[in-house]
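To start, the structure under review is shown below, and the notes come after it.
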Number of protein chains: 2
Amino acid sequence: MSAPVPSFYDDLGETLAEAWRLIGRGVADRRSPFHHPTAATIGIDGRPQARTVILRSCDAAGRTLRFHTDGRSEKVRELAADGRIGLHFYDPGSKIQLRLAGVATLHRDDAVADAAWAGSRAFSRQCYGIEPGPGVEIGAGGAFALPEGTDEATAGGRANFCAVVASVTALEWLYLAAAGHRRARFRWDGEALDATWLAP
Amino acid sequence: MSAPVPSFYDDLGETLAEAWRLIGRGVADRRSPFHHPTAATIGIDGRPQARTVILRSCDAAGRTLRFHTDGRSEKVRELAADGRIGLHFYDPGSKIQLRLAGVATLHRDDAVADAAWAGSRAFSRQCYGIEPGPGVEIGAGGAFALPEGTDEATAGGRANFCAVVASVTALEWLYLAAAGHRRARFRWDGEALDATWLAP
């Protein structure tokens, strides 16, 4: 088949670099499909759980990704019980899927949390001050209270703010290209990388 | 706040109807974000696993959804070991997220599988004839073989075809509206429905 293919198409090293580049763009560009991955966890009852999160930072060299959530949320309870996490990205335009596996650490009252809170916008901070906390049953759709949008009022949400840092141990690439699909798996054991193509 | 809100905004019954309507549109419209949910499962090693699937049918009354996969894939091994499944939908345009919980049944050699195969296109059928099967390590990105696109050649993929039917036991709705977020949970015990608003 003669469709043009990108430079990374048949190159494992370039494929991995492209994956990190796309994740990095997801942090910077809120319109990118990589801006809002799906975080998969093991539920308290053992069920698989998945929800959208907003990607806040990515360190390709250190192989970490960060997102923020409410410390009162179910996913924090789940990750506290079992830190294993999957992060799933899919761009229906480019037909590229990334599946990252890793282990999450929760940061609520440390320098990581402080820096993440300091870097977040007032609008985002508002959510952490909602009462009652996320997932609590309420009698009507709007039966919850938001703090007013002043710096002082939103500061109250700091106690509920949680930065989640996922350390990536494996990354799987899938590219549904017209010229032929490409799938690759990258696994790390410390700094040692095992990379291989997989049948799609 | 005075932003206009849709009719389902503060109505649990209409919210549930809207959720099923969006899923139904996802089946029919391949450009809908609801066309390609993320299926979450428990991995063989206990890790959370998530990947994009293509929604093939939806029966709102029977509360079932169907997608297709290769019987040789890891997710089939996972679902055979633990049928619990999460199906996650997110539309970044409307900012509506659906999280469905259910139990999956695998159909490879029965009337459900036959009907699903009969309703699939030749282009889709091709994938089930790829050798080796999905996820097998290969020496180069293109070191796999596709059957030619004739009816006879693609018929060989039938043995690898698997229809997955998820029976939904719970549905969670999240709508990040400018007028105020809305979150609702619907759970079924047989035909009995428990519906409630949740704090977002």
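For chain A, the nearby parts of R47(B) are the backbone and the side chain; heavy atoms of each come within less than 4.5 Å. Interface residue R99(A): only side-chain heavy atoms are found under 4.5 Å from chain B. Heavy-atom distances place the side chain of Q97(B), and not its backbone, under 4.5 Å from chain A. For I130(B), the part lying near chain A is the side chain, with the backbone staying farther off; criterion is any non-hydrogen pair under 4.5 Å. For I85(B), the part lying near chain A is the backbone, with the side chain staying farther off; criterion is any non-hydrogen pair under 4.5 Å. Heavy atoms closer than 4.5 Å to chain B are found nowhere in L174(A), neither backbone nor side chain. Of the atoms belonging to R183(A), it is side-chain heavy atoms, and not backbone ones, that fall under 4.5 Å from chain B. Both the backbone and the side chain of A50(A) come within contact range of chain B, with heavy atoms under 4.5 Å apart.
In summary, R66(B) and D59(B) do not engage in a salt bridge, as defined by a charged side-chain N under 4.0 Å from a carboxylate O.
Side-chain heavy atoms closer than 4.5 Å link hydrophobic residues (I, L, V, M, F, W, Y) into clusters, and following such links, possibly through other members, connects Y175(B) to F144(A). Under a hydrophobic-cluster definition in which Ile, Leu, Val, Met, Phe, Trp and Tyr are linked whenever side-chain heavy atoms come within less than 4.5 Å, directly or via other members, L146(A) and I138(A) are assigned to the same cluster.
Interface with chain B: from residues 28-43 of chain A, residues H36(A), T38(A), A40(A), T41(A), I42(A) qualify, criterion being any non-hydrogen pair under 4.5 Å. By a heavy-atom distance cut of under 4.5 Å, T196(A), W197(A), L198(A), A199(A), P200(A) are the residues of residues 191-200 of chain A near chain B, going up by number.
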key: Candidate pair E78(A) and K75(A), rule salt bridge (Lys or Arg N to Asp or Glu O under 4.0 Å), full reasoning   = CA-CA 5 Å; E78(A) 293 169 356; K75(A) 60 179 150 330; over 6 Å; no
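Residue with the most contacts toward chain A among G102(B), A101(B), G86(B): G102(B) (heavy-atom pairs, distance under 4.5 Å). Options P92(B), A140(B), P132(B) differ in how many heavy-atom pairs under 4.5 Å they form with chain A, and the most are formed by A140(B).
Counting all heavy atoms, side chain and backbone alike, L87(A) lies closest to F67(A) at CD2-CE2, 4.4 Å.
Other residues, nucleotides and ligands contribute over 12 non-hydrogen atoms within 6.0 Å of the CG atom of D45(A).
Under the 30°/60° scheme for interplanar angles, the aromatic rings of F8(A) and W173(A) are found to stand perpendicular.
Expressed to the nearest 0.5 Å, how far CG of L176(A) lies from OH of Y90(A) amounts to 5.5 Å.
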